[in-house]
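First comes the structure, then the notes that go with it.
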Amino acid sequence: MPPKSETLNATSANWRERIRAVIEQKWWERFITALIVVNAVTLGLETSGTVMAAAGPVIEALDTAILAIFVVEIAARLFVYRAAFWRDPWSVFDFVVVAIALAPDTGNLAVLRSLRVIRALRLISTVQSMRRVVNGLMQAIPGMGAVIMLLLLILYVFAVMATKLYGETAPELFGTLGKSAFSLFVVMTLEGWADMANQVMEKHPTAWLFFLVFILSTSFAVLNLFIGIIVDAMQQEQEAEMAADRVRDAANMGEIVKELREVKAELAAIRARVEAPR
């Protein structure tokens with residue numbers, strides 16, 4: 001009779017494989033995704049006093065039920081993957097999101113009640129296309145840092161120039177270096193820049209050239225570098241995923257070929273025994 005510890009380990013491993021077979025199914029992933037969408041809708045409905053007055057208890061009960069399912073799902077993944085769960089950044093992200101939802105929302109922690117809506121962000125970890133976008137953004141951060149430094153340098157240079165050139169003409173916009181930097185940041189977003197330019201051009205007719213060069217240098221040049229870097233990072237992420245899929249397919253094919261060879265060897269052995277003279 002096997003020791004009790006071995007029996008428990010065998011039972012645990014058996015349950016682990018059964019649960020793994022469920023949570024790794026496509027239908028389970030779609031089910032969790034659908035619950036996240038429904039939960040996001042209910043959290044939005046809770047902001048409406050009219051809706052809560054009409055169906056408040058139902059919405060709160062649905063929210064509690066969905067949160068309970070999320071907790072069970074996280075517990076199941078912890079049981080199945082154990083230490084590997086913490087090595088997956090997306091699993092840690094899901095754990096933190098659900099843990100925040102479980103925190104008490106009374107006293108000094110009342111602000112956490114408003115943070116329950118971040119449960120909707122779990123769509124990022126469950127939808128492959130969203131996950132690819134976030135991974136691409138994370139990979140683009142080093143390149144984006146260089147672009148940000150270049151943008152800040154251009155903004156600083158033009159802010160100093162604007163303060164000296166137009167500080168007396170429009171002190172509310174360019175009176176100090178800080179005001180100039182903020183005003184030029186607004187110009188960079190192309191929001192209301194024409195009004196600023198017209199105000200300055202009343203006394204400086206050639207000021208349009210200053211604004212034109214600044215907009216071309218920032219909005220039309222440097223900011224487009226962000227797009228290029230992000231697109232390139234996403235493309236690299238997609239290529240990496242495709243390469244990983246090819247490696248997995250090759251590994252699976254190798255396993256299939258190995259099994260076929262073993263079956264062929266067994267059949268040859270059986271045939272040899274059958275055809276052997278008695």
Does atom CZ of Phe95 have more than 12 heavy-atom neighbours from other groups under 6.0 Å away?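 Open.
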
Please check if Leu209 and Phe211 belong to a single hydrophobic cluster, counting links between Ile, Leu, Val, Met, Phe, Trp and Tyr side chain heavy atoms closer than 4.5 Å. yes

Same cluster or not: are Val187 and Trp208 linked, directly or through other Ile, Leu, Val, Met, Phe, Trp or Tyr residues, by side-chain heavy atoms under 4.5 angstrom apart?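 Yes, Val187 and Trp208 fall within the same hydrophobic cluster.
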
Scan the side chains in residues 20-30 for donor-acceptor partners under 3.5 Å anywhere in the protein, sequence neighbours excluded, and list what turns up.
{"residue": "Glu24", "atom": "OE2", "partner": "Tyr81", "partner atom": "OH", "Å": "2.9"}
{"residue": "Gln25", "atom": "NE2", "partner": "Ala21", "partner atom": "O", "Å": "3.1"}

Which donor-acceptor pairs under 3.5 Å do the side chains of residues 188-201 make with protein atoms, sequence neighbours left out?
{"residue": "Thr189", "atom": "OG1", "partner": "Val186", "partner atom": "O", "Å": "2.5"}
{"residue": "Asn198", "atom": "ND2", "partner": "Ala194", "partner atom": "O", "Å": "3.1"}
{"residue": "Gln199", "atom": "NE2", "partner": "Glu172", "partner atom": "OE2", "Å": "2.2"}

Under 4.5 Å between side-chain heavy atoms, chaining through other members, with only Ile, Leu, Val, Met, Phe, Trp and Tyr counted: pull out the rest of the cluster around Ile59, sorted by chain and number. Val41, Leu45, Val51, Met52

Would you tabulate the side-chain donor-acceptor contacts of residues 67-79 under 3.5 Å, counting partners in other chains and residues two or more places apart, or write 'none'?
{"residue": "Glu73", "atom": "OE1", "partner": "Arg122", "partner atom": "NH1", "Å": "3.1"}
{"residue": "Glu73", "atom": "OE1", "partner": "Arg122", "partner atom": "NH2", "Å": "2.8"}
{"residue": "Glu73", "atom": "OE2", "partner": "Arg77", "partner atom": "NH1", "Å": "3.1"}
{"residue": "Glu73", "atom": "OE2", "partner": "Arg122", "partner atom": "NH2", "Å": "3.3"}
{"residue": "Arg77", "atom": "NH1", "partner": "Asp94", "partner atom": "OD2", "Å": "3.1"}
{"residue": "Arg77", "atom": "NH2", "partner": "Ser91", "partner atom": "OG", "Å": "3.0"}
{"residue": "Arg77", "atom": "NH2", "partner": "Asp94", "partner atom": "OD2", "Å": "3.3"}

List the atom of Leu177, the atom of Tyr156, and the distance in Å for their closest heavy-atom pair.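 In terms of heavy atoms, the two residues are closest at CD2-CE1, 4.0 Å.
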
Residue pairs passing the ring pair (Phe, Tyr, Trp, His ring centres under 6.0 Å) test with at least one member in residues 36-66, sequence neighbours excluded, are none

List the atom pairs, donor and acceptor, that lie under 3.5 Å between side-chain atoms in residues 162-169 and the rest of the protein, sequence neighbours left out.
{"residue": "Thr163", "atom": "OG1", "partner": "Ala159", "partner atom": "O", "Å": "2.8"}
{"residue": "Thr163", "atom": "OG1", "partner": "Ser180", "partner atom": "OG", "Å": "2.7"}
{"residue": "Thr169", "atom": "OG1", "partner": "His204", "partner atom": "NE2", "Å": "2.7"}

Do Thr42 side-chain atoms and Asp63 backbone N/O form a donor-acceptor pair below 3.5 Å?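 Judged by distance alone, no pair lies under 3.5 Å.
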
Interatomic distance, [X] atom [atom1] to [Y] atom [atom2] [nearest 0.5 angstrom]:
X      : Y      : atom1 : atom2 : value
Asp88  : Phe93  : CG    : CZ    : 12.0 Å
Leu184 : Phe182 : CG    : CZ    : 11.0 Å
Ser217 : Leu155 : OG    : CG    : 11.5 Å
Asn39  : Leu62  : CG    : CG    : 7.5 Å

